[in-house]
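Protein chains get the first letters and strands the later ones, always in sequence-line order, with residue 1 at the start of each. No hydrogens, no waters, no symmetry mates; every other heavy atom, side chains included, goes into these values. All values derive from a computational prediction rather than experimental measurement.
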Protein chains: 2
Amino acid sequence: MTTQNTVDLLRLYKLRPTRQRVALAALLFDGTARHVTAETLHGQVKDMGITLSLATIYNTLHQFTKVGLLKEIRGIGDATWFDTNIDQHHHFFDITNDHLIDIPASSITISNLPDSPQGKVIDGIDVIVRLSDE
Amino acid sequence: MTTQNTVDLLRLYKLRPTRQRVALAALLFDGTARHVTAETLHGQVKDMGITLSLATIYNTLHQFTKVGLLKEIRGIGDATWFDTNIDQHHHFFDITNDHLIDIPASSITISNLPDSPQGKVIDGIDVIVRLSDE
DNA sequence: CAATTATTTTACAATCATTCTAAACTACTT
DNA sequence: AAGTAGTTTAGAATGATTGTAAAATAATTG
């Protein structure tokens, strides 16, 4: 993504286009599905010669999630993952190498779910399909 | 569960029936589905006037899981949950009060799952149905 | 453009769940 | 009863994450 497009994207979401947010957005939003943790992303920016504090990475990932640019995924290993695929979807998780692969929600059919308890409604469904070597 | 039954249970699983393991097993295995974290269980034993170190709770929960007396559940809030229901099953998770409800695996039908990547097999499937107030 | 204000970044300390460590303790065997 | 192997424990350490307060930077206003 060009810097100008990134700046426009951030402004669209009412986020001040600071140097660090522009760098992170440019890295994340290239149109492909990316899965990062604060640590992996920190490593990637460091590899590009940019220095960003880890706190800023956390702040930014949460801000991007809040405005809907990212989706947060819990329950995969110990860290929180962030996914540039913001559609409702599920995941394969390869436990041998901590690798995530998206599964479109449309590729999974869940039926016969029991009734929700009185007064409760379904807020969302998360499916994690764990993979290992055969 | 009586103390003697608990002792027998532990021996059956080749776990030395120490005072602390007997106390925890008696508390956990009363035949009902229990969901605990190290912290909630620690609170429960404390309420019964028994003093156990948190490290022992962690050790014991992991040992019980290893022999198949408990099932570990990740991805629910920040802590690791342990479930006395060891059958393959899924969960409702009420986000308003951090409450878990089991869903038997037989009560959910998952179909049309995409093929696993080359050389990988499905190790397990975890479904979490998040509930909120309507 | 300069000054002011508002937001952001950052280093560092703090927190929380969990694990490690090494010493004290206890169940089991002889 | 003594030995030894397995357990428990307090307390330190770890790793992911959040809080804090000061320094830096972006936006706004005159």
Side-chain angles (χ1 to χ4, degrees), chain A residues 3-4 6-27 35-46 50-67 69-70 72-83 98 100, chain B residues 3-4 6-27 35-46 50-67 69-70 72-83 98 100:
Chain A
T3 298
Q4 188 49 51
T6 305
V7 168
D8 291 345
L9 177 74
L10 291 171
R11 280 203 211 284
L12 191 60
Y13 284 93
K14 312 264 188 261
L15 293 170
R16 189 177 285 193
T18 62
R19 182 173 54 76
Q20 24 285 302
R21 290 211 270 236
V22 169
L24 292 175
L27 219 154
H35 299 101
V36 301
T37 67
E39 290 290 352
T40 65
L41 188 56
H42 195 225
Q44 287 173 35
V45 293
K46 202 176 280 177
I50 306 167
T51 307
L52 281 199
S53 81
L54 200 48
T56 298
I57 306 262
Y58 276 106
N59 288 340
T60 306
L61 287 173
H62 287 135
Q63 286 155 176
F64 284 4
T65 300
K66 198 167 175 189
V67 300
L69 281 167
L70 290 176
E72 200 174 321
I73 314 165
R74 303 286 213 114
I76 305 289
D78 291 322
T80 301
W81 289 80
F82 294 86
D83 194 336
D98 276 27
L100 276 174
Chain B
T3 298
Q4 188 49 51
T6 305
V7 168
D8 291 345
L9 177 75
L10 291 171
R11 281 203 212 283
L12 190 62
Y13 284 93
K14 310 260 188 270
L15 293 170
R16 189 176 286 193
T18 62
R19 182 174 56 77
Q20 24 286 303
R21 289 210 272 236
V22 169
L24 292 175
L27 219 154
H35 299 101
V36 301
T37 67
E39 289 290 352
T40 66
L41 187 55
H42 194 225
Q44 287 173 36
V45 293
K46 201 177 280 178
I50 306 168
T51 307
L52 281 197
S53 81
L54 198 48
T56 298
I57 307 261
Y58 276 106
N59 288 340
T60 306
L61 287 173
H62 287 136
Q63 287 155 178
F64 285 4
T65 300
K66 199 167 174 189
V67 300
L69 281 167
L70 290 175
E72 200 175 322
I73 314 166
R74 304 284 214 114
I76 305 289
D78 291 323
T80 301
W81 289 79
F82 294 86
D83 193 336
D98 276 29
L100 277 174

A.B. asks: Hey, does B:Leu100 have a side-chain heavy atom less than 4.5 Å from the side chain of B:Ile73?
C.D. replies: yes
A.B. asks: To the nearest angstrom, how far is A:Ile57 atom CD1 from C:dT8 atom P?
C.D. replies: 16 Å
A.B. asks: Between P on C:dA17 and CD on B:Glu72, what's the gap in Å once rounded to a whole number?
C.D. replies: 16 Å
A.B. asks: Roughly, in whole Å, what's the span from CZ in A:Arg21 to P in C:dT10?
C.D. replies: 11 Å
A.B. asks: Is B:Arg11 near enough to C:dA27 that one of its side-chain N or O atoms lies under 4.0 angstrom from OP1 or OP2?
C.D. replies: no
A.B. asks: So B:His42, base contact, sugar-phosphate only, or nothing? Heavy-atom distance under 4.0 Å.
C.D. replies: nothing
A.B. asks: Only one of A:Leu9, A:Leu12, A:Thr60 forms a side chain to side chain contact (heavy atoms under 4.5 Å, CB included) with A:Leu69, so which one is it?
C.D. replies: A:Leu9
A.B. asks: Given atom CG of A:Asp78 and atom P of D:dT17, what is their separation to the nearest angstrom?
C.D. replies: 9 Å
A.B. asks: Answer with base, sugar-phosphate or nothing: what part of the nucleic acid does B:Thr80 contact at a heavy-atom distance below 4.0 Å?
C.D. replies: sugar-phosphate
A.B. asks: If you assign A:Thr51 and B:His62 each to the DNA chain C nucleotide with the nearest heavy atom, which residue ends up on the more 5' nucleotide?
C.D. replies: A:Thr51
A.B. asks: Give a yes/no answer on whether the side chain of B:Thr56 brings an N or O atom under 4.0 Å of OP1 or OP2 in D:dT9.
C.D. replies: yes
A.B. asks: Specify the closest pair of heavy atoms between A:Leu10 and A:Ala25, including all atoms of both residues, with the distance to one decimal.
C.D. replies: CD2-CB, 4.4 Å
A.B. asks: What is the distance, to the nearest angstrom, from the CG atom on A:Leu10 to the C1' atom on D:dA27?
C.D. replies: 15 Å
A.B. asks: Let me confirm one number: the CZ-CG distance from A:Phe82 to A:Leu70, rounded to the nearest 0.5 Å.
C.D. replies: 7.5 Å
A.B. asks: Could you give the distance from OG1 (A:Thr37) to CD1 (A:Ile76), rounded to the nearest 0.5 Å?
C.D. replies: 12.0 Å
A.B. asks: When we call it a touch if two heavy atoms are under 4.0 Å apart, what does B:Ala55 touch: a base, just sugar-phosphate, or nothing?
C.D. replies: base
A.B. asks: How long is the line joining CG of B:Leu61 and C1' of C:dT18, in whole Å?
C.D. replies: 12 Å
A.B. asks: With respect to the side chain of B:Asn59, which nucleotide from D:dT9, D:dA16, C:dA11 is positioned closest?
C.D. replies: D:dT9
A.B. asks: Is the shortest side-chain N/O distance from B:Gln20 to OP1 or OP2 of D:dT9 below 4.0 Å?
C.D. replies: yes
A.B. asks: State which of C:dT18, D:dA27, D:dT18 makes the closest approach to the side chain of A:Tyr58.
C.D. replies: D:dT18
A.B. asks: State which of C:dA11, D:dA26, D:dT8 makes the closest approach to the side chain of A:Arg16.
C.D. replies: D:dA26
A.B. asks: Where the side chain of A:Arg19 is concerned, which of D:dT9, C:dT10, D:dT17 is the nearest nucleotide?
C.D. replies: C:dT10
A.B. asks: Expressed as a whole number of angstroms, how long is the span from B:Ile76:CD1 to C:dA17:C1'?
C.D. replies: 16 Å
A.B. asks: Among D:dT7, C:dT8, D:dT17, find the nucleotide with the atom closest to the side chain of A:Thr18.
C.D. replies: C:dT8
A.B. asks: Between D:dA26 atom C1' and A:Lys14 atom NZ, what is the distance in whole Å?
C.D. replies: 16 Å
